[in-house]
Protein chains: 2
Amino acid sequence: MSRRSQTRLSVLGALATEPATGYGVRRAIIETLGHFWHESFGQIYPTLAALEEDELVERDADGRFTITKRGRDELASMLAEEPEATPPRNGLLLRIFFAQHLGRKRALELLESTADAAKKKLAEFDAIERAIDEEARPEAPFWRATVRYGVFHARATIAWVEETRALFEKPRAAKSR
Amino acid sequence: MSRRSQTRLSVLGALATEPATGYGVRRAIIETLGHFWHESFGQIYPTLAALEEDELVERDADGRFTITKRGRDELASMLAEEPEATPPRNGLLLRIFFAQHLGRKRALELLESTADAAKKKLAEFDAIERAIDEEARPEAPFWRATVRYGVFHARATIAWVEETRALFEKPRAAKSR
DNA sequence: CTTTGCATGTAACATGTTACATGATTCA
DNA sequence: TGAATCATGTAACATGTTACATGCAAAG
């Protein structure tokens with residue numbers, strides 16, 4: 001059962017903040033968790049149906065879904081489980097690892113585009129941080145923590161590119177056969 | 001076609017380094033890429049059969065697979081593609097984001113176990129770095145780069161936990177930046 | 001009156017994991 | 001002899017994406 005569905009968790013979490021339609025759940029997830037979570041309609045609608053079946057959510061008169069008491073209990077219990085250790089699959093590192101077959105020039109280009117993407121994210125995170133501060137919701141510390149995670153890791157990526165660029169530019173060790 | 005199989009890429013890459021049986025491919029991937037890549041037998045065997053069908057690999061007398069010339073070309077071309085942007089699904093951040101429903105104590109425990117795991121990884125990365133230096137292979141700069149990525153990001157996680165712990169322990173002081 | 005956004009849903013497909021079946025070889 | 005490791009494979013299942021079909025309502 002290792003790969004229990006975290007879709008349920010994300011949907012219940014979204015509804016715990018605010019009742020919404022299926023469409024609205026997706027929008028909420030994109031707007032708030034977009035940088036580190038993703039759900040598609042093909043997952044959300046069947047999940048909502050299953051949650052309703054289990055009486056964890058209810059559909060109100062407007063067609064919006066509201067989380068029930070049992071739903072909140074279930075949410076708390078799912079949150080308490082250890083986060084699923086996603087099997088690691090980092091496409092960037094796969095390419096760097098085999099970069100000998102890619103060539104130095106392309107490898108350097110890959111590094112640059114990685115750094116550019118990280119810098120773009122940093123700017124976005126900065127905007128999100130300010131938005132959270134302005135709203136001053138009770139959830140603010142938690143939301144802020146997720147954004148800060150993004151900031152720390154984007155900076156780590158940029159620093160890694162700096163170091164790695166130097167490593168790749170040195171002709172000494174990086175000569176391919 | 002956005003979700004092209006990167007299993008092919010990892011298997012071809014492993015065979016470009018050294019011919020191996022299906023079992024050996026898996027072992028090679030675990031030993032070398034284990035921290036940022038994963039393949040299961042259920043993927044490897046059908047992938048090897050498909051690669052053989054496409055004449056990208058050949059089976060030699062001992063039953064080991066060897067990459068062909070076409071296989072090397074295909075590998076180079078796959079490496080040149082932009083890394084797949086894996087839909088973001090970070091179970092830790094999902095829990096942190098909804099941590100209001102989890103409780104402060106459990107949230108802090110989650111932070112601590114995250115930091116512990118990161119510290120353990122740092123030690124492992126350190127050992128791998130030294131092993132790479134000792135072997136002195138031509139691939140060393142690239143292998144080293146992947147490990148260094150892990151180091152930078154593990155450190156980022158530890159630093160983030162430090163900051164976040166403070167944020168959770170006294171939610172009033174949410175002004176730092 | 002047409003485009004855009006809201007809203008729901010499904011079917012086909014792609015991907016990937018887990019559990020199992022099977023057998024050979026190596027080594028203590 | 002018995003355990004561990006090497007080795008191959010498949011079937012059932014879980015998960016998730018993409019493309020499509022459908023329709024309403026608001027805005028321009």
Side-chain angles (χ1 to χ4, degrees), chain A residues 1-12 14-15 18-31 33-34 36-53 57-66 78 81 83-91 94, chain B residues 1-12 14-15 18-31 33-34 36-53 57-66 78 81 83-91 94:
Chain A
M1 67 146 256
S2 62
R3 264 189 85 180
R4 67 203 170 274
S5 173
Q6 299 193 103
T7 295
R8 282 185 149 234
L9 177 48
S10 63
V11 170
L12 274 180
L15 291 178
E18 190 177 31
T21 61
Y23 191 91
V25 165
R26 180 161 180 260
R27 192 179 38 207
I29 289 175
I30 288 172
E31 283 169 4
L33 307 173
F36 56 87
W37 203 260
H38 176 261
E39 295 296 347
S40 64
F41 285 135
Q43 289 281 101
I44 288 175
Y45 284 111
T47 298
L48 279 170
L51 289 173
E52 194 177 21
E53 176 78 14
V57 305
E58 285 170 344
R59 206 185 284 241
D60 70 17
D62 312 339
R64 293 183 316 170
F65 291 91
T66 309
M78 292 179 89
E81 288 171 32
E84 178 181 339
T86 309
R89 300 203 120 215
N90 187 320
L94 192 60
Chain B
M1 65 148 262
S2 62
R3 263 190 87 179
R4 68 200 171 275
S5 174
Q6 299 194 103
T7 295
R8 280 182 150 238
L9 177 48
S10 63
V11 171
L12 274 181
L15 292 179
E18 190 178 31
T21 61
Y23 191 90
V25 165
R26 181 162 179 259
R27 192 181 35 207
I29 290 175
I30 288 172
E31 282 171 4
L33 308 172
F36 55 88
W37 202 261
H38 176 263
E39 294 295 348
S40 64
F41 284 135
Q43 290 281 102
I44 287 175
Y45 283 111
T47 298
L48 279 170
L51 290 174
E52 194 178 19
E53 175 78 17
V57 305
E58 286 171 343
R59 205 185 285 241
D60 68 19
D62 311 341
R64 292 185 316 172
F65 291 90
T66 309
M78 292 179 90
E81 288 172 32
E84 178 181 339
T86 309
R89 300 202 118 215
N90 186 320
L94 191 61

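Any value given below was found using the heavy atoms of this structure, including those in side chains, with hydrogens, waters and symmetry copies removed. Since this is a predicted model, take the numbers as computed values, not measurements. Numbers restart at 1 for each chain; the letters A, B, ... are given by sequence-line order, proteins then strands.
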> Mapping B:G63 and A:H38 onto DNA chain D by nearest heavy atom, which one lands closer to the 5' end?
Replying inline: B:G63

> What is the minimum heavy-atom distance between B:P83 and A:G91, and which atoms define it?
Replying inline: CB-C, 3.8 Å

>> In this structure, how many angstroms lie between the C1' atom of C:dG9 and the CD atom of A:E52, rounded?
In response: 14 Å

> At what distance, to the nearest 0.5 angstrom, does CG of B:L9 lie from CH2 of B:W37?
Replying inline: 7.0 Å

> Of all the nucleotides listed (C:dG16, D:dG16, C:dG9), which has the minimum atom distance to the side chain of A:Q43?
Replying inline: D:dG16

> Between C:dT8, D:dT17, D:dG16, which nucleotide has the shortest distance from any of its atoms to the side chain of A:T7?
Replying inline: D:dG16

> About how many Å separate OG1 of B:T21 and CZ of B:R59, when rounded to the nearest 0.5 Å?
Replying inline: 10.0 Å

>> Rounded to whole Å, please give me the gap between CH2 in B:W37 and P in C:dT17.
In response: 10 Å

>> In whole Å, I'd like the distance from the CG atom of B:D62 to the P atom of C:dA24.
In response: 18 Å

> In whole Å, what is the span from the CG atom of A:L9 to the P atom of D:dG16?
Replying inline: 12 Å

> A:F65 CZ to C:dT8 C1': how many Å, rounded?
Replying inline: 10 Å

>> Restricting to non-hydrogen atoms, name the atom on B:M78 and the atom on B:L12 that form the minimum distance, rounded to 0.1 Å.
In response: SD-CD1, 4.4 Å

> Which atoms form the tightest heavy-atom contact between B:L15 and B:A20, and what is the distance?
Replying inline: CD2-N, 3.7 Å

> For the pair made of CG in B:L48 and P in D:dA7, what is the distance, rounded to whole Å?
Replying inline: 13 Å

>> How many whole angstroms separate atom CD of B:E39 from atom C1' of C:dG16?
In response: 9 Å

Protein-nucleotides 4-6 of chain C N/O pairs closer than 3.5 Å?
{"unit_1": "C:dC6", "atom_1": "OP1", "unit_2": "A:R27", "atom_2": "NH1", "d": "3.3"}
{"unit_1": "C:dC6", "atom_1": "OP2", "unit_2": "A:Y23", "atom_2": "OH", "d": "3.3"}

>> Tell me whether B:E58 at atom CD has more than 12 heavy atoms from other residues, nucleotides or ligands lying less than 6.0 Å away.
In response: no

> Given D:dT18, C:dT10, C:dT17, which nucleotide is nearest the side-chain atoms of A:S40?
Replying inline: D:dT18

> Base, sugar-phosphate, or nothing: which does B:G22 touch, judged by heavy atoms less than 4.0 Å apart?
Replying inline: sugar-phosphate

> CZ of B:R64 versus C1' of D:dC6: gap in Å, rounded?
Replying inline: 14 Å

> The side chain of B:Y45 lies closest to which of these nucleotides: D:dT8, C:dT18, D:dT18?
Replying inline: D:dT8

> Is there a donor-acceptor pair under 3.5 Å between the side chain of A:R89 and the backbone N or O of B:H38?
Replying inline: yes

>> Using a heavy-atom cut-off of 4.0 Å across all strands, would you classify A:R89 as base, sugar-phosphate, or nothing?
In response: sugar-phosphate

